[in-house]
**Student:** 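Pasting a structure here, questions to come.
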Amino acid sequence: MQLMRFLVLLCLFSVSAMADSPRYIMLIGAPGTGKGTLGDKLSKTEGLPLITTSAVLKNLPDSDPLKAEIVDKMQSGELVPDALIYKAMAAELAKPKYSKGAIFDGFPRTQKQIEFLNDRKMQIEFVVVLYADDEILVKRLAGRRIHEPSGRVYHVDSMPPKNPGEDDVTGEPLVQRKDDNEWTIRKRLLDYRDQTQPVAVWAIFNQAATDGVVKRVVLVNASGSFEDTWSMMCSKLALESVKLNGCR
Ligand code: AMP
């Protein structure tokens, strides 16, 4: 009888611990595969804050002695050194708004950055790996124009503003990211193959490890429209028994 009561209590304790544990979702994909757009939508449907690593870096205070080096690397399309990323992400994740979990866009991007997850024994509910042909990505990124104050994104061919070079809502000028020129895009894609694809491979094998931090991984073709990418992600997650609010 005593043993029975103990087991019931243990069960209740584990269920409530699971319900309270933070949810982490990770998006991996070459520049231009649409991690940001996917992350935005997932953030709304799942009610989880999105951590866009490049935004975390951009928002570091100008007084930070390493800010100039970081901005320089970002503009030239080079990865920011792991130690700086580790520090910036630790500070970001410590904020109370991430107590229920987070969606990672652009992290981890190197094998060294995986240590961050291992050190914290973070459980990643699922990883979405987006892939597309390099030529599609070059076209997407080279034509991308941004309204910086709002973050609205346009494309000169596939989603042009009503008036060339102007934001539809405010009429303010659109800008091209410094790292969205063809030479830098190709360099970023090479870096992705070299440094970040191994992170995707790690995630795939980690999901099979009994003590792994990754629970599920889905590979999604991001060559088409955003709607296609979203519905493919939903179908693949459903096959893995992952049910999302935005996938019905
Ligand atoms: P993104 O907006 O994701 O294309 O990132 C823009 C730039 O931010 C990259 O080219 C890097 O310079 C920097 N960056 C973003 N995330 C990371 C990361 N996890 N590790 C190193 N550098 C990063």
Side-chain angles (χ1 to χ4, degrees), residues 24-40 42-43 49-60 64 66-93 98 102-120 122 124 127-132 134 136-148 150-155 175-203 213 222 229:
Y24 295 111
I25 296 171
M26 190 188 286
L27 310 177
I28 301 179
T33 45
K35 297 184 296 298
T37 316
L38 191 71
D40 269 343
L42 275 172
S43 170
L50 177 68
I51 303 189
T52 304
T53 320
S54 54
V56 171
L57 298 170
K58 267 185 224 145
N59 291 335
L60 287 173
D64 189 313
L66 299 164
K67 179 82 186 259
E69 180 190 341
I70 290 174
V71 170
D72 189 50
K73 294 247 186 263
M74 289 176 77
Q75 291 189 343
S76 60
E78 269 177 64
L79 289 186
V80 171
D82 290 324
L84 303 185
I85 295 288
Y86 202 105
K87 205 172 138 225
M89 289 303 284
E92 182 68 18
L93 211 58
Y98 301 113
I103 300 171
F104 293 107
D105 161 9
F107 179 82
R109 222 145 153 158
T110 65
Q111 281 173 296
K112 187 84 189 149
Q113 290 174 22
I114 293 171
E115 283 173 21
F116 185 94
L117 312 173
N118 289 330
D119 289 351
R120 287 167 174 70
M122 291 167 76
I124 311 296
V127 176
V128 180
V129 180
L130 299 171
Y131 62 90
D134 276 7
I136 291 180
L137 299 176
V138 171
K139 261 200 197 141
R140 265 189 204 161
L141 291 174
R144 182 162 73 172
R145 299 292 180 271
I146 297 167
H147 177 242
E148 272 190 322
S150 67
R152 275 185 285 280
V153 179
Y154 299 84
H155 189 279
V175 295
Q176 182 173 23
R177 262 172 58 162
K178 285 217 169 65
D179 58 350
D180 276 350
N181 65 78
E182 185 169 344
W183 192 90
T184 311
I185 294 167
R186 291 199 185 273
K187 184 186 166 328
R188 286 159 68 199
L189 290 173
L190 283 176
D191 283 349
Y192 175 79
R193 308 279 172 238
D194 197 34
Q195 311 214 46
T196 311
Q197 238 167 230
V199 177
V201 174
W202 161 81
V213 298
T229 304

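Computed over heavy atoms, backbone and side chain alike; hydrogens, waters and symmetry mates excluded. Counting starts at 1 for both ligands and their atoms, in listed order.
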**Student:** Using heavy-atom distances only, which candidate in Val80, Val199, Asp179 approaches atom 22 (N) of ligand 1 most closely?
**Tutor:**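 Among Val80, Val199, Asp179, the closest heavy atom to atom 22 (N) of ligand 1 comes from Val80.
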**Student:** Return the closest protein heavy atom for atom 8 (O) of ligand 1 as residue, atom name and distance.
**Tutor:**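 Protein heavy atom at minimum distance: Met74 CE, 3.5 Å.
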**Student:** Going by the order shown, which atoms of ligand 1 are within less than 4.0 Å of some heavy atom of Leu57?
**Tutor:**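 That gives atoms 13 (C), 14 (N) of ligand 1.
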**Student:** Would you call the rings of Phe104 and Tyr24 parallel, tilted or perpendicular, taking 30° and 60° as the class edges?
**Tutor:**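 Plane angle under 30°, so parallel.
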**Student:** Between His155 and Lys139, is there a donor-acceptor pair closer than 3.5 Å when you use the side chain of the first and the backbone of the second?
**Tutor:**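 Answer holds: yes.
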**Student:** Counting only heavy atoms, which portion of Arg188 has something under 4.0 Å from ligand 1: side chain, backbone, both, or neither?
**Tutor:**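 The part of Arg188 near ligand 1 is the side chain, not the backbone.
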**Student:** Where is the tightest heavy-atom contact between Ala88 and Leu57, given as atom of each residue plus distance?
**Tutor:**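 Reported closest heavy-atom pair: CB-CD2, 4.3 Å.
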**Student:** Within ligand 1, which atoms have a heavy atom of Arg177 less than 4.0 Å away?
**Tutor:**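 Numbered from 1, ligand 1 contributes 1 (P), 2 (O), 4 (O), 6 (C).
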**Student:** Among all protein heavy atoms in this structure, tell me which lies nearest to atom 16 (N) of ligand 1, with the distance rounded to 0.1 Å.
**Tutor:**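 The answer is Arg109 NH1, 3.2 Å.
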**Student:** Which residue and non-hydrogen atom of the protein lie closest to atom 19 (N) of ligand 1, and at what distance in Å?
**Tutor:**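 Here the closest protein heavy atom is Gly106 O, 2.8 Å.
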**Student:** Any atoms of ligand 1 less than 4.0 Å from a non-hydrogen atom of Gln113? List them with their elements.
**Tutor:**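 With Gln113 as reference, the close atoms of ligand 1 come out as 18 (C), 19 (N), 20 (N), 21 (C).
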**Student:** Just wondering, do Phe107 and Glu92 contact through their side chains at under 4.5 Å, heavy atoms?
**Tutor:**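 When only atoms from C-beta onward are counted, Phe107 and Glu92 do not touch, as no gap falls below 4.5 Å.
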**Student:** Apply salt bridge (Lys or Arg N to Asp or Glu O under 4.0 Å) to Arg144 and list each qualifying residue two or more places apart in sequence or on a separate chain.
**Tutor:**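 Arg144 satisfies salt bridge (Lys or Arg N to Asp or Glu O under 4.0 Å) with Asp180 once adjacent residues are dropped.
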**Student:** Does Leu79 reach ligand 1 with a nitrogen or oxygen that is under 3.5 Å from one of the ligand's nitrogen or oxygen atoms?
**Tutor:**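 No.
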**Student:** What atoms in ligand 1 come closer than 4.0 Å to a heavy atom of Glu78?
**Tutor:**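 Going through ligand 1 atom by atom, the ones under 4.0 Å from Glu78 are 11 (C), 12 (O).
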**Student:** When you measure from atom 2 (O) of ligand 1 to every protein heavy atom, which one gives the shortest distance, and what is it?
**Tutor:**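 Checking every protein heavy atom, the shortest distance to atom 2 (O) of ligand 1 gives Ser54 OG, 3.1 Å.
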**Student:** Look only at the side chain of Arg188 and the backbone of Pro31, and say whether a donor-acceptor pair between them is shorter than 3.5 Å.
**Tutor:**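 Not a single qualifying donor-acceptor pair exists.
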**Student:** Could you tell me whether Ile85 and ligand 1 have an N or O pair separated by under 3.5 Å?
**Tutor:**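 The answer is no, given that Ile85 and ligand 1 share no N or O pair closer than 3.5 Å.
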